[in-house]
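Data first, discussion second: the structure below is written as structure tokens.
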Amino acid sequence: MLRVRFAPSPTGFLHIGSARTFIFNWLYARRNGGTMILRIDDTDVERNTDASLQSIHEGLNWLDLGWDEFYRQSDRLQLHAEVAEAIFNKGLAYRDFTPADHEEGEKSRAGGPWLFNPGMRELSREQSDRRAAIGEKFVLRFRVPRDGGRQVRFTDLVYGEQTKAGADIEDFALLRSDGTPTYHLASCADDADLKISHVIRGQDHLSNTFKHVLIFEGAGVPPPLFAHLPLLVAPDGTKLSKRKHGAVVSVTTYRDAGFLPQAYVNFLCLLGWSPKDDREQMSRQDLIDAFSFGGVNRSNAVVNFTEQDPIDQKALWLNSQHLRTMPVAELLPYVEAELAKAGFKIPYDDEWLERTVDLIRARYFTLHDFVTRGRAYFVDEFPIEPDALEKLNKPGAREGLRELGKRLTAEQFTEQTVESELRKLAEELGVKAGILINGARAALTGQSVGPSAFHLFIAIGKERAVARLCGV
RNA sequence: GGCGCUAUCGUCUAAUGGUUAGGACGGAGCCCUCUCAAGGCUUUAAUACGGGUUCGACUCCCGUUAGCGCUACCA
């Protein structure tokens, strides 16, 4: 039974790297008929916030991928304590009574790594019990086997065979002096209890995995399979952080920029993974079908943004591709939500909306474009852009457009009739058809660019078109 | 400092040890055209460096350099 989990700690908003980890877990589960688990790793009481938890949900909901089971580590403290005790009882962990603040200065990088506090590892069980009994504070440390050239090893599904000498692993903590579990312990205990089969997470945990293997062994549980993902980094190669890089690291930034979730998911997948053919635009199902660890890269991927433009150009392009080619019916709800947010009322029926959206989306990049560049299709007050004004100021343009407006009133209103009427008028007036065509686009939309002018007449509708022409 | 991981166009990436090192985004240009897109075509640009192994290395090995990660009673 394949079971994977995404285990964020609620200490900030949903980071785009975390989002990608979630996506890869989800893809792997869906690909192989497994179970996707969302587990909130909230053992660090000091730093957890409800706002963060909410933000994570908000981001995940937008991605619209879902999960099958939900847990919170803070509800499972009992389990963590039991696992710690079991390890301790086997003699694989010991109490370290060294006061917390004592260590700080001691751990300088200078003379090599800190491995354990001398004297504590060798404390007899009797002494240890005695000191604990009188209430002396201690942290429970794993007794890392560092004798006889002992090696800790595991096979990473992405990075391959991994080996580290026990002698290079410090006696890490399992329980803090207040009795709460550390991340390492809680994570492994939960992974074991929840029968997680594959741990898919960021590469920043690759070296921690040796410790985790030790914990699983200590708990007498076969370790899950591990797959580490390359990190997402900033253009300068440093880790993406809220403080340094601001909004770009939050998934809500892309949502608020008018991205389609499926396009954003697509973009994130292409960072550190490839289907190995030349496909770029992929639907959710395409991604599920193509996903495997064999396609995951081992080097960090740069999210290409600048201070002026927080959006990666490729993400924007991908969004435009999805926007323009997905079934209109699927796009409609997103557009309607966008229009509603802007306070626009849809002037005609659903059929008109679908046709119009289909017409204008061909040159849009984000959902925002529908209410900015697409404004004139939905409401009557819209600005005339400078380029459009230029078209209207062409000699003969305004007069011709007003005349066209008058003539159209009597006409049947189809692309063909409008076109023939316009061309006839142009000939009569002795102006080039382009003057009236481009002028009409400017008059109807306030823009010098847009769809074919004759399609546009139909989308704007007879009544509004005539009014706009006569009003130039 | 120690340990681990990584290194292909500006960016994302492809390439059973044998390719003119491919695709995409971005940039430039042309075609098409009622504008803008789209589309078509062309173009720009890479195997970090140095040694091996091999008939042959982007690919395997070693070293150097650089980056990242871990080295907490954070996760």
Side-chain angles (χ1 to χ4, degrees), chain A residues 7-11 41-44 46-48 96 98-101 103-104 107-115 137-141 156 159-160 162-165 167-170 172-184 186-187 202-211 228 230-231 233 235-239 267 270-281 295 297-305 312-318 320 324 360 362-365 373 387-388 391 419 422 432-442 447-454:
Chain A
S9 42
T11 57
D41 279 7
D42 53 356
T43 54
D44 184 8
E46 308 271 298
R47 294 170 51 197
N48 294 334
D96 179 352
T98 313
D101 47 24
E103 299 176 28
E104 290 309 324
K107 283 217 193 105
S108 66
R109 328 271 82 124
W114 171 87
L115 290 172
K137 293 281 187 207
F138 63 87
V139 17
L140 192 71
R141 291 190 185 285
D156 189 272
Y159 287 89
Q162 303 295 317
T163 316
K164 187 165 183 168
D168 289 325
I169 303 172
E170 76 282 1
F172 55 92
L174 257 20
L175 251 27
R176 304 190 186 99
S177 53
D178 63 2
T180 60
T182 61
Y183 161 75
H184 300 302
S187 176
Q203 193 240 40
D204 45 348
H205 284 299
L206 191 62
S207 17
N208 284 333
T209 307
F210 296 104
K211 297 171 195 167
H228 288 87
L231 266 19
V233 298
D236 65 0
T238 60
K239 192 172 161 174
F267 169 67
L270 260 19
L271 254 25
W273 173 82
S274 154
K276 301 288 185 188
D277 46 35
D278 286 335
R279 278 184 298 171
E280 304 257 35
Q281 185 191 346
N297 256 59
R298 284 176 293 275
S299 50
N300 293 170
V302 173
V303 180
N304 202 11
F305 62 86
D312 190 309
Q313 284 303 301
K314 192 146 189 178
L316 193 61
W317 172 78
L318 222 32
S320 74
R324 296 168 193 188
I360 62 183
R363 54 214 82 208
Y364 289 177
F365 287 82
R373 298 168 65 190
D387 285 355
K391 305 274 186 194
E419 174 158 11
L422 183 146
K432 289 206 292 191
I435 296 289
L436 295 186
I437 290 173
N438 292 327
R441 183 181 296 104
Q447 294 164 355
S448 62
V449 301
S452 163
F454 304 110

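Protein chains get the first letters and strands the later ones, always in sequence-line order, with residue 1 at the start of each.
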*Distance in angstrom units between A:L422 CG and B:U35 P, rounded*: 14 Å

*Please give, in whole Å, the distance from B:G39 C1' to A:R324 CZ?*
12 Å

What is the pairing partner of [N], taking Watson-Crick or G-U wobble pairs with both distances under 3.5 Å in any strand?
N: B:U11; value: B:A24
N: B:G1; value: B:U71
N: B:A38; value: none
N: B:C32; value: none
N: B:C49; value: B:G63
N: B:G17; value: none
N: B:A57; value: none

Using atom names, set out every protein N or O paired with an N or O of nucleotides 45-50 of chain B below 3.5 Å, distance rounded to 0.1 Å.
none

*Summarise protein proximity over nucleotides 22-34 of chain B in one line of letters, 5' to 3': B for base, S for sugar-phosphate only, - for none, counting protein heavy atoms closer than 4.0 Å.*
BBBS--------B

_Which is more 5' along RNA chain B, the nucleotide nearest A:P181 or the one nearest A:D204? Just name the residue._
A:D204

*Given RNA chain B, 5'-ward residue of the pair A:S448 and A:A7, judged by closest heavy atom*: A:S448

*A:Q162 side chain vs A:D156 backbone, donor-acceptor pair below 3.5 Å*: no

Please report the distance separating the [atom1] of [N] from the corresponding atom of [M], rounded so that it comes out in whole Å.
N: B:A48; M: B:U65; atom1: C1'; value: 8 Å
N: B:A14; M: B:U54; atom1: P; value: 30 Å
N: B:U6; M: B:C30; atom1: P; value: 46 Å
N: B:U8; M: B:C68; atom1: P; value: 15 Å
N: B:C5; M: B:G63; atom1: P; value: 12 Å

List for me each residue that meets ring-ring contact (aromatic ring centres under 6.0 Å, His included) alongside [X], sequence neighbours excluded, and say none if there are none.
X: A:F138; answer: A:F97
X: A:H205; answer: A:Y183
X: A:F172; answer: A:F142, A:H184

*Would you tell me if any nitrogen or oxygen in the side chain of A:T182 comes within less than 4.0 Å of OP1 or OP2 on B:A72?*
no

*Under 4.0 Å: is that the gap between some side-chain N or O of A:K276 and OP1 or OP2 of B:A14?*
yes

*Please tell me if the side chains of A:N438 and A:S448 come closer than 4.5 Å, counting only heavy atoms from C-beta onward.*
no

*Grab the two heavy atoms, one from A:F210 and one from A:I169, that are nearest each other, plus how far apart they are.*
CB-CD1, 3.8 Å

Write out a two-atom table: protein N or O, nucleotide N or O from nucleotides 3-7 of chain B, distance below 3.5 Å.
from	atom 1	to	atom 2	distance (Å)
B:C3	O2'	A:K164	NZ	3.3
B:C5	O2'	A:Q203	NE2	3.1

